[in-house]
Amino acid sequence: MPRRLAVLAILGALLAPLAGCAAGPAPATPTRSTAPAATPTPSASSHIPVATPTMVPPPPAFDRAALSVDDPSSLWVVVNKARPVSPLDFAPPDLVEVPVAHTFVPRLRREAADAVVRLFQAASDEAGLALASNSAYRSYEAQQRVYDSSVASNGQAFTDRRTARPGHSEHQTGLAIDIGAVSGRCSLDPCFGTTPEGLWLAANAWRFGFLLRYPADQVAVTGYDYEPWHFRYVGTPLAAELHTTGTATLEEFFGLPPAPGYP
């Protein structure tokens, strides 16, 4: 019996350390931190201001009412078979001789005369072309003589397609000029439009403030047969606007009725 007790005592002594390991305290449960989570530091690029696109205002619309189309002293006056010069005996007060090659000494309003000089010089400098004036300002009385002479030679129907009646001619405003070649080739003839001079004028006259007034495809509007030699000064702003918009006649641009015949 004492021996058995001794054995048990020895076993107890050996098992005691193992029991201590098994019965040790449970590992501590992690405690959730109450400190706020750190806010991410924004990168340097996030502080770069984003440029707001600058709105570029559109260019102002062309003011079609800036000048009168009725006042004969206006650069934009519209004269046709339905719109006579008013008064009928109007004569521009600022007529000057135009120092260019000519058939008859040309006179035009000063601004138009200066533009003609620049136009002729550009034709020479840019294309080696020699231009000449065939006709410019004509008074009411001069237009009466031109018209009557044509009627006597060609009849009234033919004349009304080619020559304005007195009081209805753009030439009376001092803003119209008939241009030809110094050589005289195709002067005052539709074939002028096929010459180097006629082609250059059709493409470039607008740069100097001129409009080819009677195009071939606008007879129903203008009332006149094709005249590739007849150019009307309207000033560079309007000429550029007509060119940019592709508008062929003053009637269309200003919303005026066509004038195929006299009232």
Side-chain angles (χ1 to χ4, degrees), residues 57-86 90-96 98 100 106-123 126 131 133 135-138 164 168-179 193 198-224 226-260:
F62 188 88
D63 185 2
R64 303 186 186 210
L67 297 178
S68 173
V69 296
D70 302 313
D71 183 351
S73 64
S74 169
L75 293 182
W76 294 0
V77 63
V78 179
V79 175
N80 57 33
K81 292 179 177 179
R83 296 174 57 86
V85 179
S86 180
F90 171 78
D94 58 343
L95 290 172
V96 296
V98 189
V100 296
R107 289 192 301 159
L108 289 172
R109 292 184 58 184
R110 181 174 297 279
E111 184 176 334
D114 292 343
V116 166
V117 172
R118 293 192 297 270
L119 174 68
F120 281 32
Q121 189 62 52
E126 297 175 11
L131 301 177
S133 167
S135 183
Y137 169 72
R138 294 199 293 265
H168 294 264
S169 173
E170 284 195 326
H171 286 282
Q172 189 177 337
T173 68
L175 297 171
I177 182 170
D178 294 337
I179 303 174
L199 292 169
W200 189 90
L201 284 167
N204 294 280
W206 68 271
R207 296 162 43 202
F208 303 87
F210 290 90
L211 170 69
L212 175 61
R213 185 66 173 97
Y214 305 128
D217 60 349
Q218 298 295 325
V219 175
V221 174
T222 67
Y224 293 102
Y226 175 43
E227 293 191 1
W229 60 85
H230 182 106
F231 287 86
R232 160 66 193 278
Y233 184 73
V234 295
T236 51
L238 177 53
E241 185 69 10
L242 291 166
H243 177 76
T244 300
T245 60
T247 309
T249 68
L250 296 177
E251 287 81 3
E252 179 186 356
F253 186 79
F254 290 115
L256 299 172

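All values below were derived from every heavy atom in this structure, side-chain atoms included, with hydrogens, water molecules and symmetry-related copies excluded.
A 4.5 Å side-chain heavy-atom check between V116 and F210 finds at least one atom pair inside the cut-off. Within the 4.5 Å cutoff, the side chain of L75 has heavy atoms near those of the L175 side chain. Using a 4.5 Å heavy-atom cutoff, the side chains of Y233 and R109 are not in contact. At a threshold of 4.5 Å between non-hydrogen side-chain atoms, the residues W76 and L238 count as touching. Side-chain contact between L119 and N204 is absent, with no heavy atoms from C-beta onward closer than 4.5 Å. Considering only heavy atoms from C-beta on, N80 stays 4.5 Å or farther from L256 through its side chain.
Distance check: F208 CZ to L201 CG gives 10.0 Å after rounding to the nearest 0.5 Å. Residue E241 holds its CD atom at 12.0 Å from OG1 of T236, rounded to the nearest 0.5 Å. Expressed to the nearest 0.5 Å, how far CZ of R107 lies from CD1 of I177 amounts to 13.5 Å. A distance of 12.5 Å separates OG of S133 from CZ of F231, quoted to the nearest 0.5 Å. Within the model, atoms OG1 of T222 and CG of D217 stand 9.5 Å from one another, a figure rounded to the nearest 0.5 Å. Interatomic distance, E170 CD to L211 CG, rounded to the nearest 0.5 Å: 8.0 Å.
Proximity of a side-chain donor or acceptor of Q172 to a complementary backbone N or O of F90 within less than 3.5 Å is detected.
Nearest heavy-atom pair, S74 versus R232, reported as atom, atom and distance to 0.1 Å: O-NH2, 4.4 Å. When all heavy atoms are compared, the tightest approach of P84 to H168 is CB-CE1, 3.5 Å. What you find for A136 and P106 is that their closest heavy atoms are CB-CB, 3.8 Å. The two atoms that bring V219 and Y224 nearest to each other are CG2-O, 3.4 Å, heavy atoms only. The two residues T245 and L242 make their nearest non-hydrogen contact at OG1-O, 3.4 Å. Residues G174 and L108 share a closest heavy-atom pair of O-CD2, 3.4 Å.
Aromatic ring pairs are classed by plane angle as parallel below 30°, tilted from 30° to 60° and perpendicular above 60°; the pair H243 and W206 is parallel. Taking the six-membered ring for Trp and thresholds of 30 and 60 degrees, Y214 and H230 have ring planes inclined between 30 and 60 degrees apart.
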| task | Could you walk me through whether V77 and R83 pass side chain to side chain contact (heavy atoms under 4.5 Å, CB included), step by step? | result | CA-CA 10 Å; V77 63; R83 296 174 57 86; 5.7 Å; no
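Salt bridge annotation for E251-R213: present, with a cationic side-chain nitrogen under 4.0 angstrom from a carboxylate oxygen.
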